[in-house]
**Q** 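Please see the structure below; I have some questions.
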2 protein chains.
Amino acid sequence: MKDLGPEMEIVHLLRAATVELGLHSARFAHDNGMHATDVRALICLMDARRDGTEMTAGRLGGLLGLNSAGTTAVVDRLERLGHARRVRDGRDRRRVLVEVEKRAVELGQAFFGPLIGRSVELLRGYDERELAAIRGFLTGVREAASGAASGAEPDG
Amino acid sequence: MKDLGPEMEIVHLLRAATVELGLHSARFAHDNGMHATDVRALICLMDARRDGTEMTAGRLGGLLGLNSAGTTAVVDRLERLGHARRVRDGRDRRRVLVEVEKRAVELGQAFFGPLIGRSVELLRGYDERELAAIRGFLTGVREAASGAASGAEPDG
DNA sequence: CTCTATTATCTCGCTGAACGAGATACTCAC
DNA sequence: GTGAGTATCTCGTTCAGCGAGATAATAGAG
């Protein structure tokens with residue numbers, strides 16, 4: 001049962017890389033007086049900003065798997081640290097939009113930029129077929145982990 | 001600054017896969033009345049078992065980044081759930097060896113087995129050059145995340 | 001063998017993230 | 001403007017993890 005073949009080396013490598021990426025985030029969190037949840041929240045906020053979506057408190061909580069009380073607390077912490085701000089939605093004044101501060105974006109880029117840059121640099125060293133393999137493997141793992149059907153056929 | 005090129009798609013894919021793997025672990029934890037730390041502890045215990053190393057309470061705490069009080073609490077929880085047991089070391093009776101219970105190993109295999117199996121299955125679809133690319137990328141990312149020198153130059 | 005320094009683990013009291021329940025503020029349909 | 005519905009916040013509680021210090025065992029000096 002231990003040995004599913006030489007492929008296991010790569011499976012362990014993926015796990016090791018995942019752990020290391022988690023520790024990297026934890027370091028960023030710790031260095032800036034935050035917790036894992038706060039970093040995940042910041043990432044959600046930046047993702048939303050990137051594709052021009054509005055992020056409400058409720059939606060953020062849903063993404064993070066928190067209840068409303070926990071969501072309020074996260075936003076409180078980010079606001080206290082100056083990483084985000086609450087803005088009442090003009091159209092529906094029950095809603096609170098959460099916007100990431102420029103300062104936090106810069107902080108994140110300073111910390112994660114080198115890692116991203118290095119990854120891109122690595123990827124530039126591969127040809128199209130190799131890139132397709134990496135893409136395919138990561139996509140497959142993501143689907144398998146998300147519980148998606150084990151459909152072996154490549155999606156269109 | 002936003003667009004480092006088409007390689008960014010894969011960087012985001014890696015992040016998505018990492019998030020999904022984390023959620024998968026969280027689901028396992030939740031389903032079995034555990035927390036993220038407990039699962040990480042179990043993984044450490046299984047890794048130790050796999051390569052025949054003894055795991056002491058102290059070493060486990062070190063791996064998890066916990067202090068002694070927190071470590072005691074983790075082992076207490078695992079023991080209460082029947083996933084691990086304390087065994088006094090015969091040679092140095094100050095030390096407590098923590099051993100994973102067979103039940104927990106089986107539980108883990110039942111939950112993570114399909115994911116691992118699917119990953120291996122995916123990998124079997126690639127030839128040696130593609131596998132080398134996947135290996136190389138994951139290795140590089142892990143090194144970059146662990147803070148290893150960002151040197152593009154291969155260390156002689 | 002006894003005394004002391006060191007090491008490994010556990011106990012106690014505390015802080016703070018996240019929860020459940022319910023209060024508050026706003027919108028929409030009538 | 002009254003009532004149903006929705007979004008967020010407040011209050012009190014639970015529990016993981018921390019710091020400090022207690023307890024127990026080993027190792028070395030005499």
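To find a chain, count down the sequence lines: A is the first, B the second, and so on, and within it residues start at 1. Nothing here was measured: the structure is a model prediction, and the numbers come from that model. In what follows, every heavy atom counts, from backbone to side chain, and hydrogens, waters and symmetry copies are set aside.
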**Q** Hey, does B:Ala57 reach any base, or is it just sugar-phosphate, or nothing, if we go heavy atoms under 4.0 Å?
**A**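 Counting heavy atoms under 4.0 Å across all strands, the contact made by B:Ala57 is with sugar-phosphate only.
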**Q** Does B:Arg103 offer a backbone N or O that forms a donor-acceptor pair with the side chain of B:Glu106 under 3.5 Å?
**A**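 Not a single qualifying donor-acceptor pair exists.
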**Q** Distance check, rounded to the nearest 0.5 Å: A:Leu23 atom CG versus A:Arg27 atom CZ?
**A**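 So the gap between those two atoms works out to 6.0 Å.
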**Q** So which atom in B:Leu115 and which in A:Ala145 form the shortest heavy-atom distance, rounded to 0.1 Å?
**A**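 Looks like CD1-N, 3.7 Å.
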**Q** Let me know the distance between CZ of B:Arg59 and P of C:dA8, rounded to the nearest Å.
**A**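 Value for this atom pair: 13 Å.
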**Q** Can you pull the contact range of chain B along DNA chain D, 5' to 3', using atoms under 4.0 angstrom from its heavy atoms?
**A**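 Range of nucleotides within reach of chain B: D:dA16 to D:dT26.
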**Q** So, is A:Arg93 near the phosphate of C:dT24, with a side-chain N or O under 4.0 Å from OP1 or OP2?
**A**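 Checking A:Arg93 against C:dT24: no side-chain N or O falls below 4.0 Å of OP1 or OP2.
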**Q** Calculate the interatomic distance between A:His35 atom NE2 and C:dA17 atom P; express it in whole Å.
**A**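 So the NE2-P distance, A:His35 to C:dA17, works out to 4 Å.
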**Q** Expressed as a whole number of angstroms, how long is the span from B:Met55:CE to C:dA8:C1'?
**A**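 These atoms are roughly 15 Å apart.
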**Q** Return the 5'-most residue of the pair A:Ala73, A:Arg94 with respect to DNA chain C, ranking by each residue's nearest nucleotide.
**A**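 Final value for this comparison: A:Ala73.
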**Q** Does B:Arg86 reach a base, just sugar-phosphate, or nothing at all? Heavy atoms under 4.0 Å.
**A**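 Sugar-phosphate contact only.
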**Q** Give one of base, sugar-phosphate or nothing for B:Asn67, where a contact means two heavy atoms less than 4.0 Å apart.
**A**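 Base contact.
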**Q** Classify the nucleic acid contact of A:Gly65 as base, sugar-phosphate or nothing, counting any heavy atom under 4.0 Å across all strands shown.
**A**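 Sugar-phosphate, backbone atoms only, no base.
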**Q** Between B:His24 and B:Phe112, how do the two ring planes meet: parallel, tilted or perpendicular, split at 30° and 60°?
**A**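 The arrangement is perpendicular - the two ring planes meet at more than 60°.
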**Q** Whole Å only: how far is the CG atom of B:Leu64 from the C1' atom of C:dT9?
**A**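 Roughly 16 Å, once rounded to whole Å.
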**Q** Report the distance from atom CG of A:Leu60 to atom C1' of C:dA17, rounded to the nearest whole Å.
**A**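 After rounding, the reported distance stands at 15 Å.
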**Q** Taking all heavy atoms of B:Met55 and all of B:Leu60, pick out the closest pair and write down the distance.
**A**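 Scanning both residues, the minimum pair turns out to be SD-N, 3.6 Å.
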**Q** Provide, to the nearest angstrom, the distance between the CG atom belonging to A:Leu66 and the C1' atom belonging to C:dA21.
**A**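 From A:Leu66 CG to C:dA21 C1': 17 Å.
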**Q** Please classify the nucleic acid contact of B:Thr37 as base, sugar-phosphate, or nothing, using heavy-atom distances under 4.0 Å.
**A**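 If one applies the 4.0 Å heavy-atom cut-off, B:Thr37 turns out to touch the sugar-phosphate alone, with no base involved.
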**Q** Check B:Ala29 against B:Val39 and note the closest heavy-atom contact, atom names and distance.
**A**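 Closest heavy-atom pair between B:Ala29 and B:Val39: CB-CG2, 3.5 Å.
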**Q** Closer than 3.5 angstrom, by distance alone: can the side chain of B:His83 be matched with the main-chain N or O of B:Ala104 as a donor-acceptor pair?
**A**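 No; zero donor-acceptor contacts below 3.5 Å.
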**Q** Figure out the CZ/P separation between A:Arg40 and C:dA17, and round it to whole Å.
**A**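 Value for this atom pair: 14 Å.
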